[in-house]
Amino acid sequence: MSERKFLWGSATASYQCEGAWNVDEKAESMWDKYLHENNLENGDVASDHYHHYKEDIRLMAEGGQNAYRFSISWPRVIKNKEGDINPKGIAFYSDLIDECLKNGIEPYVTCYHWDLPQYWQDEGGWLNKDVAYAFKHYCEVLFKAFNGRVRYWSTFNEPKWFIFSGYMSGNYPPCHVNQVQEVIECCYHVMLANALAIQSFKEMKIEGEIGMVASYQTIYADKDDEAYQQAIRNADNYCNNWQVETACVGAFPSDMVEKLKKQGYDLSFAKAEDLKVIHDHTVDFIGLNYYSPQYVMPYQGGETVVKVNNQGKNYKGNLHTVVKDWFEINDELMKQLPHNPWGMVIYPQGLYDAIKRCSKYHVPMYITENGLGMYEDIHQNGIHDTERIDYIREHVRCLLKAKEDGYDINGYFVWSPFDLYSWKNGCEKRYGLVAVDFENDCKRIPKDSYYWYRDEIKNNWEDLKK
Ligand code: NOJ
């Protein structure tokens, strides 16, 4: 087991917090175009982190945190398909990194948190293999620019969500619905891009380490017969394994590949030379974003339907998810368990089990996101977000138990340090330890959870030293 500094921090993503969508020669991202064209709530200003980053980092440091996980916006840094660098984009992140270091905060950098440059989306986005090579070039620019100052790098954030939401449920750009063949090709290109970036990192002898961040939904069922076990395995492959196992072991889960072939999907795009790159370049660590488990049951019938609740308490529809011939979500069971207004089940033990299950890959692990989205009135005297405190406390408790039990878990990041734009859930779904008053110049107001987290970190550090 590795002896590393334990990281206590919080996490954001460029599009969700920076704002400044068109300043300093930033190119358009696929999210800019999609949200503008459809006249939807957007991140043009978001938390205006671009102009408030010093205050935000100071608050993190005063809040006892020693790490900040943020992402770099590809279209801010690379101007066009030819790969020309935008020096102003580099300068912004260089200042942000320096500000972190000045405040005793480890920058924990994600290269891709969903804001693909529109000039690449115009060429087919992740369906186009060229994008994997463009990603490699973009990462090399970052490695070179920030080598020696950043020690923790992640290639991607949650491949599952941007691909499945973009090509299955269709609620994220490019909004294709139930295009399973496209999903498979995008997954392949993203995992290839991940390996290509790791290859460059090693060849360039960059200091520090590089990993990938996956969404992790711990899979459970309330029965244990063969059909249920198979449904669990299928759901685990669908939700987790193709990201985590492929990144850690260097090969897609073989039973999943066989199943796809049997179902008639065309896998002829997979080339031996790419699979070798994926095989030879695995991660140094894995980041797990854990919020919620999934309870599944065997497939009963009907076509594939993948739904997401982007309307929170206003959602009146049915969330039943079916993946044809793979599994179904057991909604009846999920409804009975504690959940947030967006229907996400709250189950802290799922975090412990996530760590335990991923320990078989023998790489250091981090919980790179965990937190609670809520509707909040921030215009009161003191923001008493006790539900968030309870949520984080219980999850941290499970994390510390996992550490105590000997699992190689090395850090915890709350999503998020301050309120930000929650994609299709907009700004009213608040996750922050610090409130952002979006109507009043994005004024920052610490919530009770901010002070609670500061004290929790302090107490745990003392305990960890014992
Ligand atoms: C997952 C994603 O990484 C992030 O972008 C999102 O806003 C949070 N979790 C909350 O849903």
Side-chain angles (χ1 to χ4, degrees), residues 9-19 29-31 34-35 40-43 46-47 49 68-74 108-116 154-166 169 171-173 190 194 211-218 239-240 243-244 247 286-294 307-312 315 319 339-346 350-351 354 366-376 387-388 391-392 395 412-433 436 438 449:
S10 51
T12 64
S14 48
Y15 186 76
Q16 296 185 263
C17 69
E18 286 175 4
S29 78
M30 73 192 295
W31 279 89
Y34 159 69
L35 296 169
L40 294 165
E41 183 180 344
N42 59 48
S47 326
H49 186 53
Y68 176 30
R69 174 174 177 252
F70 60 90
S71 77
I72 292 183
S73 158
W74 184 349
Y108 196 102
V109 171
T110 312
C111 300
Y112 186 86
H113 199 127
W114 311 356
D115 41 358
L116 186 71
S154 319
T155 53
F156 286 94
N157 176 70
E158 297 193 351
K160 182 194 166 210
W161 284 107
F162 70 84
I163 298 172
F164 285 41
S165 301
S169 33
N171 59 324
Y172 287 2
V190 167
N194 169 67
M212 194 187 89
V213 170
S215 49
Y216 197 90
Q217 293 172 292
T218 323
C239 293
N240 307 315
Q243 309 173 89
V244 181
I286 192 82
L288 303 173
N289 291 353
Y290 174 80
Y291 290 86
S292 207
Q294 292 283 22
K307 295 233 182 94
V308 232
N309 174 0
N310 283 136
Q311 291 146 45
Y315 190 75
L319 274 179
H339 52 262
N340 74 1
W342 289 264
M344 286 168 76
V345 170
I346 300 176
L351 182 143
Y366 292 86
I367 294 297
T368 31
E369 280 182 36
N370 178 243
L372 184 66
M374 287 164 64
Y375 294 103
E376 285 171 316
E387 284 174 61
R388 178 170 297 109
Y391 180 99
I392 299 176
H395 284 81
Y412 176 84
F413 293 82
V414 172
W415 182 271
S416 47
F418 47 84
D419 291 335
L420 36 69
Y421 168 78
S422 279
W423 307 111
K424 297 295 279 291
N425 290 301
C427 287
E428 69 167 357
K429 187 177 188 186
R430 294 176 184 269
Y431 275 93
L433 299 171
V436 172
F438 297 108
S449 58

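Below, all heavy atoms of this structure are taken into account, side chains as well, without hydrogens, waters or symmetry copies. Just follow the structure's listing: the first ligand is 1, and inside any ligand the first atom is 1.
Among all protein heavy atoms, the one lying closest to atom 9 (N) of ligand 1 is E369 OE1, 2.8 Å. Nearest non-hydrogen protein atom to atom 7 (O) of ligand 1 is Q16 NE2, 2.9 Å.
Counting atoms of ligand 1 from 1 in the listed order, those under 4.0 Å from a heavy atom of N157 are 2 (C), 3 (O). The distance from ligand 1 to the heavy atoms of H113 drops below 4.0 Å at these ligand atoms: 2 (C), 3 (O), 4 (C), 5 (O). Of all the atoms in ligand 1, the ones that sit under 4.0 Å from a non-hydrogen atom of E158 are 1 (C), 2 (C), 3 (O).
A distance of 6.0 Å or more separates the ring centres of H395 and Y412. The aromatic ring centroids of F156 and Y112 lie less than 6.0 Å from each other. Ring centroids of W415 and Y291 are separated by 6.0 Å or more, keeping the two rings apart.
Screening T12, L288, V414, N157 against E369 for a side chain to side chain contact (heavy atoms under 4.5 Å, CB included) leaves a single residue, N157.
Neither side chain, Y34 nor N42, offers a donor N or O lying under 3.5 Å from an acceptor on the other.
Considering only non-hydrogen atoms, atom 11 (O) of ligand 1 lies nearest to Y431 out of W423, W415, Y431, Y291.
The side-chain heavy atoms of Y421 and C427, taken from C-beta on, include a pair separated by under 4.5 Å.
Considering backbone and side-chain atoms together, S422 places no N or O closer than 3.5 Å to any N or O of ligand 1.
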